[in-house]
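To start, the structure itself, in structure tokens.
Numbers restart at 1 for each chain; the letters A, B, ... are given by sequence-line order, proteins then strands.
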Number of protein chains: 2
Amino acid sequence: MTKITDVARHAGVSPSTVSYVLSGKRSISEGTRLRVQESIRLLGYRPHAGARALASNRSNVLALVIPLRTGIHVPVVMQFAVSVVLAARRHDHDVLLLTQEEGEDGLRRVADSALVDALVVMDVELHDARVPMLRSLDRPSVLIGFPADAAGLTCIDLDFTAAGEVCVEHLAGLGHRCVGLVGSPPEVYARETGFAQRTEDGFTAAARRYGVTSTVHPCQPTAEAAREMAARLLREHPNLTAVVVHNEPIVEPLVDAFQRSGLRVPDDLSVVAICPDELAERAALPLTSVTIPAEELGKRAVELLMAKLDGHEVPAATLLPPRLTPRASTARGRNYA
Amino acid sequence: MTKITDVARHAGVSPSTVSYVLSGKRSISEGTRLRVQESIRLLGYRPHAGARALASNRSNVLALVIPLRTGIHVPVVMQFAVSVVLAARRHDHDVLLLTQEEGEDGLRRVADSALVDALVVMDVELHDARVPMLRSLDRPSVLIGFPADAAGLTCIDLDFTAAGEVCVEHLAGLGHRCVGLVGSPPEVYARETGFAQRTEDGFTAAARRYGVTSTVHPCQPTAEAAREMAARLLREHPNLTAVVVHNEPIVEPLVDAFQRSGLRVPDDLSVVAICPDELAERAALPLTSVTIPAEELGKRAVELLMAKLDGHEVPAATLLPPRLTPRASTARGRNYA
DNA sequence: TCCGAGAATCGAAGCGCTTCAACAAGAGCG
DNA sequence: CGCTCTTGTTGAAGCGCTTCGATTCTCGGA
């Protein structure tokens with residue numbers, strides 16, 4: 001393994017000069033810099049990560065904690081994770097993958113051992129046991145999702161409340177007077193994952209504001225549950241003319257179930273999905289949707305962390321505004337005068 | 001930050017003794033060991049990962065390279081990744097996440113900088129540019145998938161050839177005489193990802209062996225493409241009584257399309273899927289399937305790496321035998337005498 | 001002419017750990 | 001009783017890097 005002293009000797013400078021060329025922390029003359037860089041190239045030199053971490057007290061690694069649970073959509077997690085990795089690389093960092101399973105101890109472990117400089121934690125619940133832990137660590141972190149008490153923490157997420165609202169707004173604007181929300185599975189609500197509740201709150205509040213009748217139904221993420229849900233909605237809410245789905249796996253099955261029940265979408269029933277754009281676009285019938293900006297979230301989360309690592313102040317809360325894209329699944333309500 | 005000397009002082013021993021208690025590389029008296037462990041607990045000591053890596057020349061981190069491309073099913077990748085992380089943790093290692101995007105340079109970077117001790121590379125193609133690179137690294141690696149030239153490398157995968165065969169065997173055994181394979185998208189074949197080709201080869205060879213007429217069709221992973229494929233198969237192969245699907249996203253849509261064409265599954269048409277068990281089990285009609293053992297693969301890959309890191313010899317090739325689980329989607333062929 | 005500031009470079013200390021050689025203290029043996 | 005072996009422990013070296021003064025040199029201004 002070639003080391004910094006080899007490079008230094010080859011370039012006829014001291015090791016510290018090589019280090020400064022690499023880090024740019026002191027000015028180095030053009031000539032020396034080029035010579036050193038050439039030596040580095042020639043010898044194929046790579047600084048030893050461990051040595052660097054030890055000397056500089058920076059590992060240049062971020063921890064990413066991903067969830068492994070029912071009710072969270074795997075492609076979204078993956079999209080997010082990839083986005084975090086790419087963003088981290090742009091800032092010369094790598095990403096250590098942790099699973100929810102590791103829990104609080106895992107966070108402590110990687111933080112206290114200086115394996116990572118900072119942490120990104122996905123799928124934060126309202127009363128998340130990891131939150132106090134994160135607060136006590138001496139390393140910065142960014143949470144995806146908002147705990148009940150976010151004091152002292154940096155959080156980011158899609159503004160799900162606004163997402164729920166914007167769906168109703170869109171539908172109310174089209175003249176719909178009775179709308180339903182098909183949400184996450186009951187266990188997601190049960191464990192108090194904020195996003196499900198917030199979407200519901202936004203949805204319900206906006207409905208009230210617009211004088212629209214609303215109804216909310218958690219739903220299991222299976223095609224079969226979607227079919228039952230469709231049947232039930234039609235049975236119990238004969239005036240229903242629009243549905244918001246916030247449950248990725250059943251977006252397509254639900255639309256399909258409505259269609260098989262003889263409803264035309266959007267003529268008889270409008271559907272808005274809260275899901276990644278790709279899913280909405282690629283559906284058999286392209287769906288009006290509010291996107292889940294996983295990529296944007298990942299990128300922003302990393303940027304927040306980098307700012308914190310650089311000692312900058314960052315906003316404690318970042319709520320990305322929802323973006324609704326009208327597609328072929330929504331139209332004027334049946335009873336529109 | 002508490003360090004090893006703090007622990008040593010607290011326990012009344014030398015730092016090296018603490019180190020040996022931690023690593024178990026030398027015998028330590030029961031009394032001393034307990035005292036040291038208690039001090040560690042009390043002080044909340046965590047060895048500094050960088051210092052450890054520098055001194056021991058081991059980072060206790062594995063690199064995992066995940067693919068990001070069309071034609072590979074995200075949930076399978078995720079399952080695999082999680083399995084790798086869990087297995088690595090059982091061996092006291094962590095996992096650094098790299099994307100395909102990083103390419104060969106990324107491998108070189110993390111290996112040469114001693115950031116990782118070993119690498120797991122997913123989705124290896126027949127002529128993969130990373131293969132020569134891996135061979136030249138001085139760190140062990142395990143590939144998921146088999147390149148054309150695997151000399152000097154350790155590879156593991158499901159035995160897709162046998163998987164293709166076992167599907168045909170199962171169907172031939174049920175009396176089917178004309179079977180179809182609906183495979184991965186054309187681009188997967190084009191980039192010479194071994195698994196698609198191998199499944200096809202096994203399928204075709206077994207069909208010939210059993211005297212069964214066979215036909216193979218790549219297919220895009222969209223519901224719409226699945227519908228077209230179903231229509232086309234029925235039109236072009238009127239004698240077809242069984243289909244093997246090796247393309248996760250369209251497993252359900254394809255079955256659905258056949259059913260909507262008026263065929264009863266399995267009475268008129270048998271279907272075997274090559275996909276994760278969960279997908280096959282949760283389908284509206286539980287499907288006979290050959291599982292994609294992502295979890296097992298991840299675990300085995302890590303175990304191979306650990307063995308290599310410990311200086312043990314490991315088999316160059318590991319092919320997991322396919323496991324076919326009969327469920328409700330296959331039955332005796334129409335023309336069964 | 002002299003001084004001070006700034007630019008470029010270097011030497012050495014030190015980051016926190018592992019590991020090796022060395023040694024002390026018993027234990028076992030003839 | 002003296003010898004060798006084993007077991008338990010230690011001190012010190014060293015892993016490869018960063019960083020903090022210190023040093024040299026150059027240049028501009030007083």
Side-chain angles (χ1 to χ4, degrees), chain A residues 1-37 39-40 43-61 92 109-117 138 309, chain B residues 1-37 39-40 43-61 92 109-117 138 309:
Chain A
M1 234 211 57
T2 115
K3 40 194 177 187
I4 202 169
T5 51
D6 300 330
V7 175
R9 197 175 324 113
H10 187 271
V13 298
S14 75
S16 45
T17 301
V18 176
S19 178
Y20 287 125
V21 166
L22 247 20
S23 70
K25 292 191 180 177
R26 286 209 181 167
S27 51
I28 297 287
S29 69
E30 169 98 358
T32 306
R33 186 159 44 71
L34 292 176
R35 202 148 29 87
V36 168
Q37 284 165 342
S39 298
I40 289 176
L43 303 181
Y45 168 68
R46 301 270 185 191
H48 187 288
R52 187 171 256 199
L54 178 57
S56 69
N57 205 19
R58 279 296 190 88
S59 67
N60 275 36
V61 174
D92 198 30
R109 183 175 63 80
V110 297
D112 284 0
S113 68
L115 227 193
V116 306
D117 294 335
D138 54 349
L309 284 172
Chain B
M1 234 210 55
T2 116
K3 40 195 176 190
I4 202 169
T5 51
D6 300 331
V7 176
R9 196 176 322 114
H10 186 271
V13 298
S14 75
S16 42
T17 300
V18 176
S19 178
Y20 287 125
V21 166
L22 247 19
S23 71
K25 292 192 181 176
R26 292 225 176 154
S27 52
I28 297 286
S29 68
E30 169 97 358
T32 307
R33 188 161 43 73
L34 293 176
R35 203 148 29 87
V36 169
Q37 284 166 343
S39 298
I40 289 176
L43 303 182
Y45 168 68
R46 300 271 184 190
H48 188 287
R52 187 170 254 200
L54 178 57
S56 69
N57 205 20
R58 279 296 190 90
S59 67
N60 275 34
V61 174
D92 197 30
R109 182 175 62 80
V110 296
D112 285 0
S113 67
L115 226 192
V116 306
D117 294 335
D138 53 350
L309 284 173

| said: Could you tell me if A:Ser29 and A:Thr32 have a donor-acceptor pair between their side chains, going purely by distance under 3.5 Å? | reply: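 Looking only at side-chain atoms, A:Ser29 and A:Thr32 do form a donor-acceptor pair, the distance falling under 3.5 Å.
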| said: Would you say A:Thr17 and A:Ser14 are linked by a side-chain donor-acceptor pair, where the criterion is simply a distance under 3.5 Å? | reply: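 Indeed, the side chains of A:Ser14 and A:Thr17 share at least one donor-acceptor pair under 3.5 Å.
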Which nucleotide sits closest to the side chain of [X]: [options]?
X: A:Ala51; options: C:dG16, D:dG16, D:dT9; result: D:dG16
X: A:Ser27; options: C:dC10, D:dT19, C:dA8; result: C:dA8
X: A:Ile28; options: C:dT18, C:dT9, C:dG16; result: C:dT9

| field | Residue closer to the 5' end of DNA chain D, A:Leu22 versus B:Thr17 (nearest nucleotide) | value |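 It is B:Thr17, whose closest nucleotide lies nearer the 5' terminus.
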| query | Pick the nucleotide of DNA chain D nearest each of A:Ala55 and B:Ser14; which residue has the one closer to the 5' end? | reply |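 Going by which nucleotide is closer to the 5' end, it is B:Ser14.
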| field | Carboxylate-amine/guanidinium contact B:Lys3 B:Asp6, below 4.0 Å | value |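 Salt bridge between B:Lys3 and B:Asp6, a charged N being under 4.0 Å from a carboxylate O: no.
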Whole Å only: how far is the [atom1] atom of [X] from the [atom2] atom of [N]?
X: A:Leu54; N: C:dC15; atom1: CG; atom2: C1'; answer: 4 Å
X: B:Leu115; N: D:dC17; atom1: CG; atom2: P; answer: 13 Å
X: B:Arg52; N: C:dC17; atom1: CZ; atom2: P; answer: 8 Å
X: A:Asp6; N: D:dC15; atom1: CG; atom2: P; answer: 12 Å
X: A:Leu34; N: C:dT9; atom1: CG; atom2: P; answer: 11 Å
X: A:Met1; N: D:dC15; atom1: CE; atom2: C1'; answer: 10 Å
X: A:Arg9; N: D:dG16; atom1: CZ; atom2: P; answer: 12 Å
X: B:His48; N: C:dG16; atom1: NE2; atom2: P; answer: 7 Å

Answer yes or no: does a side-chain N or O of [X] lie under 4.0 Å from OP1 or OP2 of [N]?
X: A:Lys25; N: D:dT19; value: yes
X: A:Ser29; N: C:dT9; value: yes
X: A:Thr32; N: C:dT9; value: yes

Spatial distance of atom [atom1] ([X]) from atom [atom2] ([Y]) [nearest 0.5 Å]:
X: A:Lys25; Y: A:Ser19; atom1: NZ; atom2: OG; answer: 8.0 Å
X: B:Ile28; Y: B:Gln37; atom1: CD1; atom2: CD; answer: 10.5 Å
X: B:Tyr45; Y: B:Met1; atom1: OH; atom2: CE; answer: 7.0 Å
X: B:Leu115; Y: A:Asn60; atom1: CG; atom2: CG; answer: 9.0 Å

| said: Going by side-chain hydrogen bond (donor to acceptor under 3.5 Å, both in side chains), name the pairs with one or both residues in residues 46-59 of chain B, residues two or more places apart or in two chains. | reply: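 Listed by first then second residue: B:Ser59-B:Asp117.
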| query | Reckon B:Ser23 touches a base, only the sugar-phosphate, or nothing at all at heavy-atom distances under 4.0 Å? | reply |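 No contact.
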| Sugar-phosphate, base or nothing in reach of B:Ser19, heavy atoms under 4.0 Å |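 Base contact.
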Taking only N/O atoms, report every protein-nucleotides 20-23 of chain C pair under 3.5 Å with atom names and distance.
from   : atom 1 : to      : atom 2 : distance (Å)
C:dC20 : N4     : B:Tyr20 : OH     : 2.7
C:dA21 : N6     : B:Arg26 : NH1    : 2.6

